[in-house]
Amino acid sequence: MMAAIQAAKNGHQVILLEKNEKLGKKLFITGKGRCNITNACDTEELFPQVVSNPKFLYSAFYGFTNFDVIDFFEKEGLKTKIERGNRVFPLSDKSSDVIFTLQRKLNELGVEIRYHAQVTDIKLEEGKWKAVVVNDKEIFKGDSLIIATGGLSYPITGSTGDGFRFAQKMGHKITKLSPSLVPFNISQDYVKELQGLSLKNVEVAITADGREIYREFGEMLFTHFGVSGPVVLSGSCYAAPYVGKKKLGLTIDLKPALSFEQLDARILREFDEYINKQFKNSLERLLPRKLISVIITLSGIDPDKKVNLITKEERQNLSLAMKAMKLNIESLREYKEAIITQGGISVKEVNPSTMESKRIKNVYFVGEALDLDAVTGGYNLQIAWSTGYLAGNAQ
Ligand SMILES: Cc1cc2nc3c(=O)[nH]c(=O)nc-3n(C[C@H](O)[C@H](O)[C@H](O)COP(=O)(O)OP(=O)(O)OC[C@H]3O[C@@H](n4cnc5c(N)ncnc54)[C@H](O)[C@@H]3O)c2cc1C
């Protein structure tokens, strides 16, 4: 949509082919229906949030910055607001207003929108792009083609990876694809007992064959299959490349604000209060109720043991269970639950200033179809806006 708007602004006749019955089905579900449009951090700070190929985005992010995105929407009449973590949302909290704003601009510029128009093939002749085939029958020709088909995640919204097939046909390499910003399946059965438990202020570390690849402080959630929540989803971007290759582990520090010594002192204070009680009845002020029996099992201490009989070594095991609760990441959840797709059309064969294919002239790739992905916070849409803007302006 952004690419079509820019191309039309440059005076081109533009046809937008959308296979769904409406525009922006994925955009509609972004930010839990509120659409986190971008992030109002310093533009330079966008780059560290990009997990794959941040350097490729230099011209894109500076050509159409996060502040340009905000200006664009504000000028088009969409009021925005900035929330925690510099996340930018429409003031109305409605993603539908973002779609409406884009659609109105497309109409105003005379972009012809064809719905139920699934591009099924790309026609090439002597290494040149000739036409696209829609719904296996209709042929569309033009001077340029911008492919903005998205990735594979939430296929129900229309993003079914068609662009990868087209790119491959044009000789482009597709890097390894994986669901990302996605929950984890955990092997330990006891996570089921913890289903629904949400933990705030925990520190989570992910390891690949024992080597730490990610550490973050924040919120997480236990589910019937494993773990989810902000710190887990962000961690999945870093874990995805290792899936199937290395053993992935997740360590949760339930008490990140306390050192081992401080936690031991805290436990001792609790034990003093509960001196004649059984161990299993002594932890309610230290842990959420759902976690107590799991931590007791992990500590290896007899739950019926009297608190005053617990040894120093046992106490240390208890601290360890709380500060380093270890889980095995069995796998990532599927594309249908993944916020983004990691991997895509290799950026090595795409011009970073225009998004034009280096293989086929006048063909452009933008957005999530490219091998680009970022953590949550509005950065993935910024990638889509910026790359779409460049491609539209290259026309
Ligand atoms: C649940 C969820 C929440 C998210 N929240 C946020 C957020 O708040 N902030 C953020 O920055 N990012 C968010 N994202 C990520 C963001 O939505 C995507 O990165 C972004 O939408 C990618 O834009 P795109 O234009 O490249 O692809 P898409 O938005 O996937 O759009 C691709 C379009 O192409 C159409 N299409 C595909 N194939 C064909 C074909 N063959 N012919 C015709 N049309 C075709 C599809 O129907 C679709 O409309 C979220 C993603 C999900 C799934």
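Atoms within each ligand, like the ligands themselves, are counted from 1 in listed order. Not measured: the values here are computed from a predicted model.
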Using a strict cut-off of 4.0 Å, indicate which atoms of ligand 1 neighbour a heavy atom of T30.
3 (C), 4 (C), 5 (N), 6 (C), 7 (C), 8 (O), 13 (C), 14 (N), 17 (O), 50 (C)
Is the closest side-chain heavy-atom distance between E216 and E203 below 4.5 Å?
no
Are the ring centres of F73 and W385 closer than 6.0 Å?
yes
Side-chain heavy-atom pair P183, L233 within 4.5 angstrom cut-off
yes
Spell out, as yes or no, whether a donor-acceptor pair under 3.5 Å connects the side chain of D93 to the backbone of R34.
no
Please check: side-chain N/O of T387 versus main-chain N/O of I383, any donor-acceptor pairing under 3.5 Å?
yes
Where A148 and V366 come nearest, the two heavy atoms and their spacing:
CB-CG2, 3.5 Å
Subset of ligand 1 atoms that lie under 4.0 Å from at least one heavy atom of L17:
43 (C), 44 (N)
Write out the residue and atom name of the closest protein heavy atom to atom 39 (C) of ligand 1, then the distance separating them to 0.1 Å.
T149 CG2, 3.7 Å
Check Q382 against T38 and note the closest heavy-atom contact, atom names and distance.
OE1-OG1, 2.6 Å
Within the 4.0 Å heavy-atom shell around G31, which atoms of ligand 1 are there?
3 (C), 4 (C), 5 (N), 6 (C), 7 (C), 8 (O)
Within the side chain of T341, is there an N or O that forms a donor-acceptor pair under 3.5 Å with the backbone of G151?
no
ring-ring contact (aromatic ring centres under 6.0 Å, His included) assessment of F365 paired with H172
CA-CA 11 Å; F365 300 107; H172 278 266; 4.9 Å; yes
Show which atoms of ligand 1 fall inside a sub-4.0 Å distance from at least one heavy-atom site of Y379.
11 (O)
Quick one, Y379 and C41 - any side-chain contact, counting heavy atoms below 4.5 Å?
yes
What is the closest protein heavy atom to atom 48 (C) of ligand 1, and at what distance does it sit?
E18 OE1, 3.6 Å
Among protein heavy atoms, which sits nearest to atom 11 (O) of ligand 1, and what does the distance come to when rounded to 0.1 Å?
L381 N, 2.7 Å
What are the atoms of ligand 1, with element, lying closer than 4.0 Å to any heavy atom of G150?
26 (O), 27 (O), 30 (O), 32 (C)
List the closest protein heavy-atom neighbour of atom 37 (C) of ligand 1: residue, atom name, distance to the nearest 0.1 Å.
G158 O, 3.3 Å
Considering only non-hydrogen protein atoms, determine which one is nearest to atom 32 (C) of ligand 1 and report residue, atom name and distance to 0.1 Å.
A148 O, 3.3 Å
Of R34, E368, E21, E337, which has the heavy atom at the shortest distance from atom 26 (O) of ligand 1?
E368
Specify side chain, backbone, both or neither for A384, according to which of its non-hydrogen atoms lie closer than 4.0 Å to ligand 1.
side chain
Taking the minimum heavy-atom distance to atom 2 (C) of ligand 1, which of T38, I339, V134 ranks first?
I339
Please check: side-chain N/O of D272 versus main-chain N/O of R269, any donor-acceptor pairing under 3.5 Å?
no
Provide the number and element of each atom of ligand 1 under 4.0 Å from a heavy atom of G367.
26 (O)
Which one holds for K19 and ligand 1: side chain close, backbone close, both close, or neither close, with close meaning a heavy atom under 4.0 Å?
both
Per-atom contacts, ligand 1 versus N20 - under 4.0 Å to a heavy atom:
47 (O)
Between the side chain of N135 and the main-chain N/O of Q118, is any donor-acceptor distance below 3.5 Å?
yes
Need the ligand 1 atom indices (1-based, order shown) with element for anything under 4.0 Å from a heavy-atom of A117.
42 (N), 43 (C)
Counting heavy atoms only, which part of T157 comes closer than 4.0 Å to ligand 1: side chain, backbone, both or neither?
backbone
In terms of its nearest heavy atom to atom 41 (N) of ligand 1, the top option of D121, N36, D162, N380 is D162
